[in-house]
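The analysis underlying the following values was restricted to heavy atoms, covering all of them including side chains, and did not include hydrogens, waters or symmetry mates. Start at 1 with the first residue, then count along the sequence.
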Amino acid sequence: MRVATDIGGTFTDLVCLEFDEKTGKPSGVKVAKSDTTPSNFEEGIFNAISKAKLDLNAIDFFAHGTTVVINALTERKGAKTALITTLGFRDVLEIARCNRPDLFNFNFVKQAPFVPRYLRFEVEERMNYKGEVIKTLNTSTLKAIAKSCEEEGVEAIAICLLHAYKNPTHEEQLVEELKQLLPNVEIIASYEVTREWREYERTSSTVLSGYVLPTAKKYLNNLEEKLLHNGLKKSPYIMQSNGGITTLNDVRANPITMVESGPASGVFGCIALGKVIDKKNLIVLDIGGTTAKCALVENGQVKITTNYKIEHSRTEAGYPIQTPVIDIVEIGNGGGSIAWIDAGGKMHVGPKSAGAMPGPAAYGRGGKNLTTTDANIITGRIHPDYFLGGELQPDYASIEEAAKPLCEALNGTKEDIAKGILRVANANMINALKLISVNKGYDPRDFTMMVIGGGGAMHGADLARELQVKELIVPANAGVFSAFGMLMSDLRRDYIRTNVIVLEDKQRKNIQDVFAEMTLTAIGNYQEDGYQASDVKFTYYADLRYSGQEHYVKVQLDNFSDATELSEIIANFHKAHKKTYSFSLEGAKVELVNFHLVAEVPVDKPDFPRFEVTGKNPEDAVFGSQEVDFDDLGKHETKFYNRDLLEPGMEILGPAVIAEKATTTIVTPIHKFTLDVYGNLIISIQ
């Protein structure tokens with residue numbers, strides 16, 4: 001058995017693939033959802049394992065994605081952290097970039113740094129931008145710094161020295177001495193987090209990694225201990241934000257790589273499925289209980305960026321994290337998003353969520369606010385027998401109570417309010433989808449939309465219609481697809497080095513030498529985890545820019561060698577720059593800023609299970625009928641289908657609602673759907 005678990009803001013998902021011992025092919029899929037338990041995340045995992053009736057002794061591969069890092073950051077529940085930096089640079093963290101996301105927005109708020117000034121310390125030392133030592137490290141003040149940290153109850157220390165991305169010698173020395181002075185304090189240096197330039201971003205990334213380090217370590221250690229104690233044979237693999245899995249030891253050293261682990265796995269699961277069904281241009285939308293995430297996949301590839309921020313909005317600059325993250329847009333819009341009215345009488349949905357406790361009003365757990373899930377129940381889009389996978393009947397009395405304040409404020413019926421909530425939620429998601437497509441020069445009509453997560457299939461048809469996307473795909477087990485994606489991910493590590501070089505023939509050897517050094521580092525790291533050099537597959541990228549520019553464009557390279565044509569790389573850069581910024585400067589000098597090496601160890605991936613055709617009639621899958629409100633498309637008496645009883649080849653005209661254990665799919669009156677051999681629902685205009 002191969003198992004993956006994904007902790008979301010509201011639910012913890014589990015997928016188990018069972019294999020036939022004789023053929024080696026998947027013989028069955030088990031899925032389970034349980035409430036996420038923020039006070040003790042492992043409890044939610046074991047609840048899901050128990051629901052799926054799994055024997056940990058029988059599991060050969062266990063992958064795990066978690067929100068423990070992002071939760072610790074957003075809820076400010078990390079460790080008390082100190083910063084040690086170069087003399088004269090303690091305020092870099094507070095000065096930040098001084099830029100406003102929305103220039104003339106007078107509601108802008110200057111966010112407080114994660115480390116207050118009294119816990120920011122300086123040491124005498126200096127490197128220049130080439131990594132040459134100008135002033136040697138003076139550690140005479142280190143004992144006093146250690147004493148202050150001890151007195152203040154500091155749990156983690158982040159070290160970020162000037163130009164350490166080029167030469168980490170002084171940081172290494174500080175780490176070694178501090179571990180002797182403070183053996184019980186977690187210590188992390190910037191060279192362990194990022195080797196990319198930009199002083200503020202490096203400092204912020206190191207501080208945030210230090211801030212979550214004790215929490216993440218404790219969580220990962222507890223998880224490993226409990227899983228092994230209960231029968232798991234091997235340590236679990238952990239999902240990272242770059243779309244790859246890695247070992248526990250690797251992620252324990254730098255936990256910030258887990259900051260967006262859940263969304264990344266869902267996107268890579270969609271890419272794997274897209275390759276199988278020959279759909280390589282995808283708009284992926286993942287709607288969970290708390291957030292909606294979307295990403296664009298072009299020719300089977302998703303962009304990886306290090307320009308990632310948390311808590312970034314129109315009024316807040318956010319906190320940068322310089323770690324490889326798939327290029328996604330995330331908004332606070334999910335099934336549990338709360339509807340509320342501002343001072344001007346306008347209704348909003350999200351970003352605040354009801355979570356799993358108390359949850360939407362329909363849960364009957366004391367939720368006092370109307371949510372997107374409640375709106376879907378009011379409009380008849382969720383069948384009461386399939387609410388939360390059939391485990392709960394909607395609490396209609398609580399829904400009525402939660403709707404009253406909104407009905408009074410907006411002078412409307414409960415049904416009007418519900419339709420308004422869905423319109424606002426859909427509008428928020430459309431804006432997010434445009435950010436990854438139209439705003440970046442892509443036409444959504446050239447893409448297939450793939451929706452996953454518990455809420456993706458609920459809203460997919462309406463969103464596809466708005467964007468004029470011709471085809472919508474709802475994968476089998478879409479409600480737990482982020483967990484499924486982990487079973488399709490390889491071990492992956494990204495190595496990025498800043499080294500500004502003009503792209504010309506005389507620099508060829510320098511370029512080769514840098515990539516060679518990075519390759520050896522990657523091989524050494526994998527060998528520490530028991531892998532051979534021959535197991536590792538490398539992909540080479542370069543961040544290129546025109547000389548004098550500030551920002552750059554990532555371009556994939558072939559294995560760089562004497563035979564590599566620089567003119568071809570430059571031509572590819574001109575094309576990429578024109579696509580990104582709508583112009584190119586033919587003949588201008590091109591600089592290589594960052595070397596980017598992706599080192600992967602391919603994991604044996606299961607085939608997507610094929611579904612049998614037994615000749616069933618579509619009517620055999622119908623389990624009920626009720627009136628459903630499709631908003632501008634009117635109210636229609638609608639058949640409800642059990643997805644488990646549908647077979648490949650069936651074609652059914654909308655309106656229809658397809659229910660399954662982990663999600664519900666809405667097919668509007670203008671759409672139709674069919675199933676392919678892999679059990680995917682293919683929805684298109686009639």
Side-chain angles (χ1 to χ4, degrees), residues 1-18 29-72 75 77 212 215-241 245-249 251-252 255 257-266 269 286 288-290 336 355-357 359 388-389 391 452-454 477 479-489 661-662:
M1 290 197 296
R2 294 167 68 91
V3 172
T5 56
D6 174 42
I7 297 178
T10 306
F11 294 109
T12 295
D13 300 341
L14 178 145
V15 171
C16 170
L17 280 180
E18 296 175 297
V29 180
K30 286 182 180 177
V31 301
K33 265 184 184 287
S34 67
D35 290 344
T36 291
T37 49
S39 57
N40 182 6
F41 284 115
E42 306 98 285
E43 187 184 333
I45 295 168
F46 281 96
N47 288 344
I49 290 170
S50 175
K51 268 189 180 181
K53 297 182 173 61
L54 298 185
D55 177 8
L56 285 169
N57 284 289
I59 295 171
D60 301 298
F61 175 96
F62 192 103
H64 177 58
T66 177
T67 56
V68 68
V69 167
I70 191 70
N71 285 358
E75 295 171 16
K77 290 181 178 175
V212 299
T215 305
K217 253 191 176 178
K218 182 182 176 184
Y219 167 71
L220 293 170
N221 288 342
N222 286 346
L223 177 66
E224 181 184 32
E225 185 184 325
K226 287 181 182 178
L227 286 171
L228 295 176
H229 177 73
N230 283 280
L232 190 68
K233 291 176 284 192
K234 299 175 187 172
S235 291
Y237 290 99
I238 304 298
M239 191 71 198
Q240 303 171 100
S241 310
I245 54 175
T246 192
T247 61
L248 264 174
N249 286 339
V251 84
R252 268 191 286 241
T257 59
M258 295 190 293
V259 69
E260 286 287 5
S261 63
S265 59
D286 178 357
T290 308
M357 286 297 293
L388 283 187
E391 293 177 15
I452 57 176
N477 302 307
V480 292
F481 207 73
S482 284
F484 194 86
M486 292 176 204
L487 301 177
M488 299 294 167
S489 298
K661 197 167 182 62

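Under the side-chain contact (heavy atoms from CB on, under 4.5 Å) test applied with F484, the options D13, L17, D6, I452 reduce to a single match, L17. If you run side-chain contact (heavy atoms from CB on, under 4.5 Å) between V15 and each of T5, V480, N477, only V480 comes through.
With hydrogens and angles ignored, the 3.5 Å screen pairs a side-chain donor or acceptor of S261 with a backbone N or O of T66. At distances below 3.5 Å, not a single donor-acceptor pair connects side-chain atoms of T12 with backbone N or O atoms of I45. Without hydrogens or angle criteria, T67 side chain to I70 main chain gives no donor-acceptor distance under 3.5 Å. The closest donor-acceptor contact from the side chain of K51 to the backbone of K33 lies under 3.5 Å. Side-chain N or O atoms of S265 include none that pairs as donor or acceptor with a backbone N or O of G485 at under 3.5 Å.
Rounded to the nearest 0.5 Å, atoms CE (M239) and CD (E260) are 11.5 Å apart. Distance check, rounded to the nearest 0.5 Å: CZ of R2 to CE of M486 gives 13.0 Å.
The neighbour count for K233 NZ, taken as heavy atoms of other residues, nucleotides or ligands under 6.0 Å away, is above 12. Summarising the local packing, NZ of K30 is surrounded by more than 12 heavy atoms from other residues, nucleotides or ligands at distances under 6.0 Å.
Side-chain contact, D286 with S482: a donor N or O sits under 3.5 Å from an acceptor N or O. Side-chain N/O atoms of S241 and T257 include no donor and acceptor closer than 3.5 Å.
Between H64 and Y219, the two ring planes are tilted [angle within 30° to 60°].
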- [ ] Show your reasoning for whether side chain to side chain contact (heavy atoms under 4.5 Å, CB included) applies to L223 and F62.
- [x] CA-CA 12 Å; L223 177 66; F62 192 103; 5.6 Å; no
TODO: Decide yes or no on side chain to side chain contact (heavy atoms under 4.5 Å, CB included) for V3 and F61, but give the supporting numbers first.
DONE: CA-CA 6 Å; V3 172; F61 175 96; over 6 Å; no
- [ ] Determine, stepwise, if the pair L227 / I49 fulfils side chain to side chain contact (heavy atoms under 4.5 Å, CB included).
- [x] CA-CA 11 Å; L227 286 171; I49 290 170; 4.3 Å; yes
- [ ] Go through F46 and L56 one step at a time and tell me if the side chain to side chain contact (heavy atoms under 4.5 Å, CB included) criterion holds.
- [x] CA-CA 10 Å; F46 281 96; L56 285 169; 4.1 Å; yes
